[in-house]
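Take a look at the structure below.
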Amino acid sequence: MTYPRVRKAVFPVAGLGTRFLPATKAMAKEMLTVLDRPLIQHAVDEAARAGIEQFIFVNGRGKHAIDDHFDLAFELDRTLELRGKTVELGRSRDMVPAPGNVISVRQQQPLGLGHAVWCARRAVGGEPFAVFLPDDLVLGDDPCIGQLIRLHERTGGNVVAVQDVPREHAGRYGVIDAGEDDGRAVEVRGLVEKPEPAVSPSTLAIIGRYVLLPEIFERLEERRPTAAGEIQLTDAMARMIDHAPFHGLRFTGTRFDCGTKLGFLQANLAYGLRDPDVGADLAVFAGNELRDRD
Ligand code: G1P
C-alpha cells in the first residue's frame, strides 16, 4: 500500500501535569517555558521544520491557552505594530500556522495515551501521521521527527524514536523487543509498556516521537484497557507488528524529559547555554554557582 507523505501531527496535551504543581494549577504543563517558548511550541516548531503542515491538539478541559498560543493575538500585535516593535511582532505572529492548519479535539476522559491518539482519528483520516509527546524535548539540528519520517519513507511502516536507557529505568518507558539492528534502525519484534526492569525485552526505550500508519486506529478501536482502565498506545502498536514493517530509530539529538523537574531544568540550561543573547553570561553564572557550592 502506498501512502501520502506525513503531513499531520498529533499532540496529546490533555495531561494534568501533577508533577509540576503548583506551577500547573491554572496553566497547562505544555505552556511551561524552555528558554523563550513553551514546550508545545518547541514540539510544533520541530514538526514544522520537518515539513508537517497540520497540527492536531488533543486537549482537555481548561487548556485554552494552547489554542490561543497558536492563534493571532490581534490586540497584542496591533499594539506592537503601533509602537514599531517589529522584532517582537515577528515573534508573536510568525509562529502562527496558516489558517485551518490547527485543529483541536477534546479528550473527554483521561483514558490514556492510546485513547488520546484515537480521539484524533477523524482529524487524521487515512494517512500516516506523526505523534509528539511534548514532554520529550529533543535538541538537535536535524529534527527528530524528520529522521523518523525519512525512515518511514524507506520502509513504508511504523517508526518510533528509541534511546538506550539504564536497565533500572526500563520500567518508566515503553520498551521494544529488538530484532535486526544496523546500529541506527532497529527492527521491532514486540513492544511492552513499563516492564519490570529484570524482564524487560531490551533497554531500548520509546521516546515521545512516533510515525504511525492509520491502521493504528483500528487497533485502538478494539479498546483493550489495562488493569488501570487506560488504553495504551504501546499495546495497540504491538498489534501492528504483523501488519507492516516496524522500526525503532536511534535518533541524533539530545532528549530532555521535561515531564520531570530535573529534565526540565537541564533543558533550560542546555537551551540557555546555546542562546546567542544569554549563553555566555549564563555559562559564567553557572560556573560561579558550581564553584560557590563546593
Ligand atoms: C509515555 C508512553 C511510553 C513512552 C514515554 C516516553 O509514557 O506511554 O511508552 O516510553 O511516554 O516519554 P508516560 O511518560 O506518559 O508515562
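Indexing begins at 1, ligand by ligand and atom by atom, following the structure's order.
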of all protein heavy atoms, closest to atom 1 (C) of ligand 1 is Leu133 CD1, 3.9 Å
Side chain or backbone of Asp135 under 4.0 Å from ligand 1, or both, or neither, by non-hydrogen atoms?
neither
Give the intermediate values and the outcome of salt bridge (Lys or Arg N to Asp or Glu O under 4.0 Å) for residues Asp142 and Arg150.
CA-CA 11 Å; Asp142 188 9; Arg150 291 199 296 274; 2.6 Å; yes
Top protein contact for atom 8 (O) of ligand 1, by heavy-atom distance:
Glu193 OE2, 2.7 Å
Applying salt bridge (Lys or Arg N to Asp or Glu O under 4.0 Å) to Asp181 and Arg250, what does each step give before you reach the verdict?
CA-CA 10 Å; Asp181 185 345; Arg250 290 190 189 85; 2.9 Å; yes
If you count every heavy atom of other residues, nucleotides or ligands that lies below 6.0 Å from Glu81 atom CD, does the total exceed 12?
yes
For Phe55 together with Phe132, are the ring centres under 6.0 Å from each other?
no
So which heavy atom in the protein is nearest atom 16 (O) of ligand 1, and how far is it from that ligand atom?
Lys194 NZ, 2.7 Å
Thr234: numbered ligand 1 atoms lying under 4.0 Å from its heavy atoms:
9 (O)
Could you tell me whether Ile207 and ligand 1 have an N or O pair separated by under 3.5 Å?
no
With a 4.0 Å cut-off on N to O distance, would you call Glu53 and Arg5 a salt bridge?
yes
Under 4.0 Å from a heavy atom of Ile206: give me the atoms of ligand 1 that qualify, with their elements.
4 (C), 5 (C), 6 (C), 10 (O)
We want to know whether His115 and Glu230 form a side-chain donor-acceptor pair, criterion being a heavy-atom distance below 3.5 angstrom.
no
Sub-3.5 Å N/O-N/O distance, Gly208 and ligand 1:
no
Number the atoms of ligand 1 from 1 as they appear, then name those within less than 4.0 Å of a heavy atom of Tyr173, with their elements.
10 (O)
Taking 4.0 Å as the limit for heavy-atom contacts, which would you say applies to Arg172 with ligand 1: side chain only, backbone only, both, or neither?
neither
When you measure from atom 13 (P) of ligand 1 to the protein, is at least one non-hydrogen atom found at a distance under 4.0 Å?
yes
If hydrophobic clusters are built from ILVMFWY residues whose side chains come within less than 4.5 Å, do Val211 and Ile216 share one?
no
If you scan the protein for heavy atoms around atom 10 (O) of ligand 1, do you find one that is closer than 4.0 Å?
yes
Hey, would you say the Phe20 and Phe264 ring centroids sit under 6.0 Å apart?
yes
Answer with yes or no whether the side chains of Glu187 and His247 bring together a donor and an acceptor at under 3.5 Å.
no
Which of the numbered atoms in ligand 1 are under 4.0 angstrom from any heavy atom belonging to Asp136?
6 (C), 12 (O)
